[in-house]
Amino acid sequence: MMQNLPTVADLLPLLPELVLIGSAFVLLMLDLFMSEQQRVVTHVLAIASLIVVALMVIMGVGGQGTVLSGMFIRDNMADVLKIGACLVSALALVYAWPYLRERGLYKGEVPVLMLFAVAGMMLLISAGSLVMVYLGLELLALCSYALVAIDRENPLASEAAMKYFVLGALASGMLLYGMSLVYGATGSVDLVTISANAANVAQPMMLLAGVAFMVAGIAFKFGAAPFHMWLPDVYQGAPTAITLFIGSAPKLAAFAMAIRLLDLGAGSLGDYWQPMLAGLAALSLIIGNLIALVQTNLKRMLAYSTISHVGFLFLGLAGGGAEGNAAAMFYALSYAIMAAAAFGAIIVLSRRGFEADSIEDFKGLNARDPWSAGMVLCVMASLAGIPPFLGFWAKLVVLRAALQGDLLWLAIVGIVTAVIGAFYYLRVMKVMYFDEPSGEPVQPPRNDRVLRVVFGVNALSLLAFGVFWNPLMAWCQQAFA
């Protein structure tokens, strides 16, 4: 029995995760002794914890390796995604503080739940077995359900949390059923062993059925059509600061889950699951963009646009190979930054009693606040894929990956739907610059210069990364070298 206990060497690659989970427990205890006015301390400490963990990963603290009998894999891909998840989550916490405080929604549990959710993401990103995939996924999901329900007095938020919980449980069940079939067919929960045994299984149909159920579970966690039912209601119903968090960093963890389960675990079955992803990509691109055209609520529009962006991400995964995976990873990182900026725009322009989540609320914004209008313009241009913004290069690399994977038809669907999708982003730009101001004037909250600066940096980073996108792409390619 003693031989199976983890050694110090086993725990070294887990140091960033251990530091993060330890920080979450410390903040949980610290919050018991904090008054409402002092809670800024725990919030700042939560942001600092995420930045410290990101720096630990950047500096290679603990080193890379496969530990815990193959359950935990720390490689280049894991490091890049963990850095992205930690920094985007820290950004979400910065946006969350003024928004939740102003509305009386801030609870000491918010930063703690976010830290545990990020820990779930990091475990999911480094999963080397079906057990670790499920552990990381459920840690992330349970924290997300609680965060969506943080505004208990709001019936819309409560309904969103209930839908998210019920449909999330259904998706987890589908994923777990798929995992059990794969385990039954291959006799192992280790992803490398599953890949090695896949060619010689006695029950190939059981294995393929298991992979199909796992693809459905992955599609749900991404919000890909036709498993997107929860996404618009959750994005609209949750407080905007929470929507920002669950709409950005978890996409990086979902990408890692797809790579680990499909590329690492079922890589030899690519001829079966790549067409499934291609079909999901086409459905997501068409349904997401067409339904987004008729939305008047900005959060709901961004939810349907998320479905279309997941379709683009699946273009890279369906293309397959190291180049396709690197392209999808570049898209996931780009989208996480863009989503944070898009929901950040709503937060910056909202105030108590005025959520600024309707497209009509942005009418004449340029006449009132040219700086904010310019920043929102950068965000919408990047989401639409207009050069030289980051979103353009993200779309370009996944389209190239689809072509290299002999998926010309899917690339054509991507290009056509990208043109259709540009319309609803251009509509936001049009109401800001060409419509007359109407209704309640959009004014940024007073005494929130820090938030405006953070949003400005977030929005302008889309232009900076667009101009200097090569290093980020090279980083992604290095992860799959």
Side-chain angles (χ1 to χ4, degrees), residues 215 218-219 222-228 251-252 254-255 258-259 262-263 266-267 269-293 304-339 380-426 462 465-466 469-470 472-474 476-477 479-480:
V215 169
I218 291 166
F222 265 114
F227 304 97
H228 65 282
K251 294 291 183 281
L252 302 177
F255 165 77
I259 290 292
L262 300 178
D263 197 60
L269 302 171
D271 290 344
Y272 296 98
W273 57 257
Q274 282 172 349
M276 292 184 208
L277 288 185
L280 289 169
L283 271 176
S284 300
L285 287 165
I286 294 165
I287 291 172
N289 280 307
L290 289 180
I291 301 182
L293 288 174
Y304 281 107
S305 86
T306 296
I307 297 165
S308 73
H309 285 291
V310 168
F312 277 109
L313 195 150
F314 278 6
L315 278 178
L317 289 175
E323 199 62 36
N325 292 342
M329 183 170 168
F330 180 73
Y331 202 96
L333 288 165
S334 303
Y335 180 72
I337 302 168
M338 291 190 289
M380 293 299 153
S382 186
L383 285 165
I386 297 170
F389 291 94
L390 179 61
F392 170 75
W393 301 109
K395 285 184 170 64
L396 188 67
V397 293
V398 292
L399 287 168
R400 187 173 65 189
L403 289 172
Q404 288 174 346
D406 295 325
L407 293 168
L408 176 63
W409 68 273
L410 190 56
I412 292 170
V413 170
I415 292 165
V416 171
T417 52
V419 174
I420 295 169
F423 172 80
Y424 51 82
Y425 296 120
L426 291 171
L462 300 175
F465 280 126
W469 67 283
N470 272 324
L472 187 59
M473 186 62 199
C476 295
Q477 287 170 332
F480 294 99

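As a basis for the values below, the full set of heavy atoms in this structure was taken, side chains included, without hydrogen atoms, waters or symmetry mates.
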(request) Enter the distance from Trp469:CH2 to Leu396:CG here, rounded to the nearest 0.5 Å. (result) 6.5 Å

(message) Does any part of the side chain of Val310, heavy atoms only, come nearer than 4.5 Å to the side chain of Ile307, both counted from C-beta?
(response) no

(message) Within the structure provided, determine whether Pro226 and Leu280 are in side-chain contact (heavy-atom separation under 4.5 Å).
(response) yes

(message) If you define the side chain from C-beta out and look only at heavy atoms, does anything of Phe480 sit under 4.5 Å from Ile259?
(response) yes

(message) Please give me the minimum heavy-atom distance between Ala292 and Tyr304, naming the atom from each residue.
(response) CB-CB, 3.7 Å

(request) Drop me the distance from Leu290's CG to Ser308's OG, to the nearest 0.5 angstrom. (result) 10.0 Å

(message) Please give me the minimum heavy-atom distance between Trp273 and Ala266, naming the atom from each residue.
(response) NE1-O, 2.7 Å

Donor-acceptor list for residues 325-338 side chains, cut-off 3.5 Å, not counting sequence neighbours:
from, atom 1, to, atom 2, distance (Å)
Asn325, ND2, Asp263, OD2, 3.4
Asn325, ND2, Gly321, O, 3.4
Tyr331, OH, His309, ND1, 2.7
Ser334, OG, Phe330, O, 2.7
Tyr335, OH, Thr306, OG1, 2.5

(message) Looking at every non-hydrogen atom in both residues, tell me the closest pair between Gly466 and Trp393 and how far apart they are.
(response) O-NE1, 2.8 Å

(request) Find out whether Ile386 and Phe392 are in side-chain contact, i.e. whether some heavy atom of one side chain is under 4.5 Å from a heavy atom of the other. (result) no

(request) Flag the pair Asn289 / Phe423 as yes when at least one side-chain heavy-atom distance between them is below 4.5 Å, and no otherwise. (result) no

(message) Does atom OH (Tyr425) have a neighbourhood of more than 12 heavy atoms from anything else shown, all under 6.0 Å?
(response) yes

(request) Find the distance between OH (Tyr424) and CG (Leu383) and round it off to the nearest 0.5 Å. (result) 8.5 Å

(request) Output the distance between atom CG (Leu313) and atom CZ (Phe255), rounded to the nearest 0.5 Å. (result) 6.5 Å

(request) Find out whether Leu262 and Val215 are in side-chain contact, i.e. whether some heavy atom of one side chain is under 4.5 Å from a heavy atom of the other. (result) yes

Identify every side-chain donor-acceptor pair in residues 399-413 under 3.5 Å, counting partners at least two apart or on other chains, and give the distances.
none

(message) Testing the basics here: between Phe312 and Gly414, what is the closest heavy-atom pair and its distance to 0.1 Å?
(response) CZ-O, 3.4 Å

(request) Would you name the heavy atoms of Phe314 and Ala281 that are closest together and state the gap between them? (result) CB-CB, 3.6 Å

(request) Looking only at non-hydrogen atoms, find the nearest pair between Ala258 and Leu317 and report the distance. (result) CB-CD1, 4.1 Å

